[in-house]
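In what follows, a structure is listed as structure tokens, so that the remarks can point back to it.
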Protein chains: 2
Amino acid sequence: MDQNRKSKRIPPTTVARLPLYLRCLEEIKLKKIRSISSFELAELTGHNAAQLRKDLSYLGEFGTRGVGYDTTELIRQIGKWLGVAAVRSVVIVGAGHLGRALCNYAGFFNKGFDVVDIYDKDKSKIGTEIAGFKIKHIDELEVNNSANIDVAIIATPAGEAQDIVDRLVSIGVSSILNFAPTKIEVGKGICVRNVDFSAELQIIGFHLASIEHGLSSDCC
Amino acid sequence: MDQNRKSKRIPPTTVARLPLYLRCLEEIKLKKIRSISSFELAELTGHNAAQLRKDLSYLGEFGTRGVGYDTTELIRQIGKWLGVAAVRSVVIVGAGHLGRALCNYAGFFNKGFDVVDIYDKDKSKIGTEIAGFKIKHIDELEVNNSANIDVAIIATPAGEAQDIVDRLVSIGVSSILNFAPTKIEVGKGICVRNVDFSAELQIIGFHLASIEHGLSSDCC
DNA sequence: CTATGTGAAGCCCTTCACAGCC
DNA sequence: GGCTGTGAAGGGCTTCACATAG
């Protein structure tokens with residue numbers, strides 16, 4: 001009885017494009033542009049206008065025929081689906097170079113993701129400060145478990161990732177952003193997204209190799 | 001006259017899975033496992049066995065019916081398509097927290113990607129050392145242009161990314177790994193891959209919001 | 001009998017094209 | 001007249017199921 005919208009499933013491909021739409025809309029709002037057509041926004045985001053309209057149609061009917069979309073309203077609506085109003089608590093596990101870089105990344109907080117703690121295994125790092133955070137030992141994870149963690153970011157070596165994830169899941173964490181180059185196994189209802197730098201480079205390597213072998217690979 | 005294999009296009013989705021297959025194969029090779037079936041490798045990578053076989057069939061016929069795939073041979077073949085034998089020169093532009101973390105990431109070199117230089121705009125950073133590299137000023141990009149750069153990694157703020165990419169393209173760089181949260185425009189034949197941390201978190205945010213709104217979102 | 005390689009079926013996503021509305 | 005919202009067509013990827021090979 002929350003909302004009687006035709007609760008249809010939203011394709012994952014659509015969901016993956018929403019952050020980009022939102023970012024572009026926020027940019028044009030800064031330019032005081034009040035209204036935008038599907039053609040203009042599609043151009044900015046590098047997608048097809050029909051696809052953009054279809055994507056938005058999964059979320060609701062926000063446009064005005066003959067006119068376009070109201071910038072502010074569309075930002076509000078996409079934001080609602082992405083839950084940007086909520087502030088999410090994020091912990092980072094792994095205080096290596098990557099973990100520290102992520103700690104310092106202001107882009108997260110602007111989008112409602114609030115890094116609350118960073119953990120590491122290495123006792124010599126404990127207590128050291130990064131971006132205002134004192135590094136805690138991972139064994140404190142279970143102790144601090146009162147803290148409501150919405151998302152955990154895994155920035156550990158590959159070999160430790162699965163163990164850490166199991167522990168996070170056991171204290172109730174249900175969303176994981178994994179930077180460790182390894183496959184994470186989780187039960188149902190746990191959301192894992194993987195970011196693998198080396199894999200991205202290897203995909204680029206495929207295209208370089210294709211060109212060298214004289215195959216077009218009609219590029220990325 | 002290189003190879004008279006039926007030069008069919010390989011689906012991008014298949015290409016994107018190859019690095020994962022390769023990684024799992026290398027892991028099982030370390031365990032001295034000589035041979036693997038499509039079912040076993042599919043299990044390890046979290047994919048369907050039929051999909052795995054179809055993916056591999058785009059690259060050639062490497063298996064033995066009734067037996068499976070020879071680990072070493074399959075590693076060799078996938079590696080060939082990803083061009084792992086070649087050593088690729090990589091430059092990193094942007095010596096902020098992320099750029100420095102990437103400089104220190106050993107995983108690249110292991111996979112044939114050799115970071116040769118890191119550039120920044122900030123004059124106060126020039127000459128500073130990171131992981132053995134002296135940071136250079138981006139205006140030296142064009143000067144050093146003799147260096148054969150295979151891949152450039154963009155780790156600059158969003159506002160500077162497009163300009164840097166244009167300069168890289170003008171000196172002949174044709175592959176870009178972009179970490180800046182902005183859309184990069186390039187001409188034909190230039191390969192750009194984007195990695196956007198905030199977008200990944202926002203996608204997770206979508207699932208969290210779906211759960212809160214009582215929608216299943218049948219998770220990631 | 002076992003496991004690969006592959007046409008065919010099924011499914012999902014993208015694109016088209018136009019009805020509907022401003 | 002212009003642009004959105006959407007059924008339908010089209011295209012591509014995944015999965016099935018079996019012929020093929022060892």
Side-chain angles (χ1 to χ4, degrees), chain A residues 5-18 20-21 25 28 33-75 77-78 81 203 206 217-220, chain B residues 5-18 20-21 25 28 33-75 77-78 81 203 206 217-220:
Chain A
R5 83 169 349 286
K6 50 178 171 180
S7 192
K8 251 176 68 181
R9 196 187 70 94
I10 297 178
T13 45
T14 294
V15 175
R17 282 186 291 267
L18 295 180
L20 176 59
Y21 296 158
L25 285 164
I28 69 152
I33 299 169
R34 283 265 173 64
S35 174
I36 191 165
S37 73
S38 61
F39 294 89
E40 293 168 312
L41 188 51
E43 167 76 11
L44 284 172
T45 57
H47 294 292
N48 174 300
Q51 178 166 81
L52 183 92
R53 290 199 302 276
K54 179 135 290 198
D55 281 344
L56 296 180
S57 79
Y58 289 118
L59 313 187
E61 298 188 19
F62 312 132
T64 309
R65 293 171 197 228
V67 180
Y69 299 92
D70 179 83
T71 313
T72 306
E73 174 63 8
L74 195 49
I75 288 173
Q77 292 292 349
I78 296 178
W81 282 89
I203 294 168
F206 172 87
S217 103
D218 62 68
C219 217
C220 317
Chain B
R5 82 169 346 286
K6 51 181 170 181
S7 190
K8 252 176 67 179
R9 196 185 69 93
I10 298 177
T13 45
T14 294
V15 175
R17 283 186 292 267
L18 295 180
L20 176 59
Y21 295 158
L25 284 164
I28 68 150
I33 299 170
R34 283 265 171 65
S35 174
I36 190 165
S37 73
S38 61
F39 294 88
E40 293 168 313
L41 189 52
E43 168 76 12
L44 285 172
T45 56
H47 295 290
N48 174 300
Q51 179 167 82
L52 183 89
R53 291 200 301 276
K54 180 135 292 205
D55 281 344
L56 295 180
S57 78
Y58 289 119
L59 313 186
E61 298 190 18
F62 312 131
T64 308
R65 293 171 195 229
V67 180
Y69 299 92
D70 178 82
T71 314
T72 306
E73 174 64 6
L74 196 48
I75 288 173
Q77 292 292 348
I78 296 178
W81 282 90
I203 293 168
F206 172 89
S217 101
D218 60 70
C219 219
C220 318

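Everything numeric here is computed off the predicted structure, so don't read it as measured data. Letters A, B, ... are given to chains in the order of the sequence lines, protein chains preceding strands, and every chain is numbered from 1.
Ser35(A) places no side-chain N or O within donor-acceptor distance of the main-chain N or O of Gly68(A), the cut-off being under 3.5 Å. A donor-acceptor distance shorter than 3.5 angstrom exists from the side chain of Thr71(B) to the backbone of Ile33(B), with no hydrogens or angles considered.
Whole-Å rounding puts the Leu41(A) CG to dC3(D) C1' distance at 14 Å. For the pair Leu74(B) CG and dG5(C) C1', the interatomic distance rounds to 14 Å; values are reported in whole Å. The distance from atom CZ of Phe39(B) to atom P of dT4(C) is 6 Å, rounded to the nearest whole Å. When the C1' atom of dG5(C) is taken as reference, atom CG of Leu56(B) falls 10 Å away, rounded to whole Å.
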Fill in: Trace of the side chain to side chain contact (heavy atoms under 4.5 Å, CB included) decision for Trp81(A) with Ile10(A)
CA-CA 11 Å; Trp81(A) 282 89; Ile10(A) 297 178; 3.4 Å; yes
Discussion item. For Tyr69(B) and Leu56(B): C-alpha separation, side-chain torsions, deciding distance, then whether side chain to side chain contact (heavy atoms under 4.5 Å, CB included) applies.
Written reply: CA-CA 10 Å; Tyr69(B) 299 92; Leu56(B) 295 180; 3.6 Å; yes
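Taking the side chain to side chain contact (heavy atoms under 4.5 Å, CB included) definition, one finds that Thr72(B) meets it with Lys29(B), Asp70(B), sequence neighbours left out.
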Just the atom pairs and distances: protein N or O near nucleotides 20-22 of chain D's N or O, under 3.5 Å.
unit_1, atom_1, unit_2, atom_2, d
dT20(D), O2, Arg65(B), NH1, 2.6

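A salt bridge (charged side-chain N to carboxylate O under 4.0 Å, His left out) check over residues 34-51 of chain A, counting only residues at least two apart or in different chains, returns nothing. Note on residues 47-60 of chain B: pairs passing salt bridge (charged side-chain N to carboxylate O under 4.0 Å, His left out), not counting sequence neighbours, are Arg17(B)-Asp55(B).
Within the 4.0 Å cut-off from OP1 or OP2 of dA3(C), not a single side-chain nitrogen or oxygen of Ser38(B) is found.
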Item to complete: Quick one, give me the B/S/- string for nucleotides 8-16 of chain C, reading 5' to 3', where B means a protein heavy atom under 4.0 Å from the base and S means that only happens at the primed atoms, P, OP1 or OP2.
Response: B----SSBB
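A perpendicular orientation is assigned to the rings of His47(A) and Tyr21(A), their planes being inclined by more than 60° (bins at 30° and 60°).
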